[in-house]
Structures are given as C-alpha cells and as structure tokens.
Amino acid sequence: MRQFTIAERLIAAVLLPFATILAVPYVTAALAPFLGETNATYARIIIGLAAAALTGAGVLVSVRRVVESYESFVIQGWRA
C-alpha cells in the first residue's frame with residue numbers, strides 16, 4: 001500500500017468533514033420515503049450527529065498519524 005505524504009493527509013483531514021456533513025441531507029432525503037416525514041427530521045439530526053462524531057474521530061486519527069510521521073522524521077533526521 002502506498003504511503004501518503006503529510007500534505008495529502010492534511011488535505012484529507014480538511015476535506016473529510018466537509019464532504020461528510022454535506023452528504024447528510026442527501027442520505028436523509030434518500031431515507032425519507034421509508035421513514036415518514038416526522039421520523040425523517042429526527043433521522044437527519046441523528047445522522048448529522050453520528051457523521052460529525054465519526055468525522056471528528058477520523059480527523060483526530062489523521063492528525064495523530066501526521067504528528068507521528070513528523071516526529072519519526074525529526075528523530076531519524078533528514079536523509080538525502
């Protein structure tokens with residue numbers, strides 16, 4: 001598997017929350033015929049909160065990996 005650069009990881013950490021939160025209305029709209037109008041409103045809230053929580057966890061993992069790779073780079077030193 002290809003290793004991602006720090007810049008690619010940071011871009012993913014920035015774009016992941018936007019993409020996830022923007023997808024919530026489309027997911028709830030797709031579920032609305034099955035849930036009904038009232039339950040679709042509650043589903044939008046619940047799916048939005050779940051998406052925010054999972055996205056936050058994903059961003060924290062990404063940032064942790066960036067910091068770990070930076071620390072290993074600094075500890076090992078730059079090699080030509």
Side-chain angles (χ1 to χ4, degrees):
M1 185 174 165
R2 175 168 126 36
Q3 296 293 322
F4 294 107
T5 64
I6 291 175
E8 291 170 337
R9 291 178 187 177
L10 290 175
I11 289 170
V14 168
L15 294 180
L16 179 66
F18 291 126
T20 305
I21 298 303
L22 289 175
V24 170
Y26 296 107
V27 171
T28 55
L31 293 174
F34 303 109
L35 299 175
E37 191 63 35
T38 304
N39 290 334
T41 304
Y42 293 127
R44 185 172 185 171
I45 294 169
I46 291 170
I47 291 172
L49 290 174
L54 291 174
T55 301
V59 167
L60 290 176
V61 169
S62 296
V63 169
R64 181 177 176 200
R65 288 184 181 165
V66 167
V67 169
E68 287 175 355
S69 66
Y70 178 74
E71 286 176 349
S72 67
F73 175 76
V74 170
I75 290 171
Q76 293 175 358
W78 184 74
R79 297 181 186 169

Participant: Using the rule that two of Ile, Leu, Val, Met, Phe, Trp, Tyr join whenever any of their side-chain heavy atoms come within less than 4.5 Å, decide whether Ile47 and Leu35 are in one cluster.
Facilitator: yes
Participant: Tyr42, Val24: one ILVMFWY side-chain cluster at the under-4.5 Å cut-off?
Facilitator: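 Result: no, two separate clusters.
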Participant: Would you say the side-chain atoms of Thr20 pair up with the backbone N or O of Pro17, donor to acceptor, closer than 3.5 Å?
Facilitator: no
Participant: Looking at OG1 of Thr28 and CD1 of Ile46, how far apart are the two atoms once the value is rounded to the nearest 0.5 Å?
Facilitator: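 Spacing of OG1 (Thr28) from CD1 (Ile46) equals 11.5 Å.
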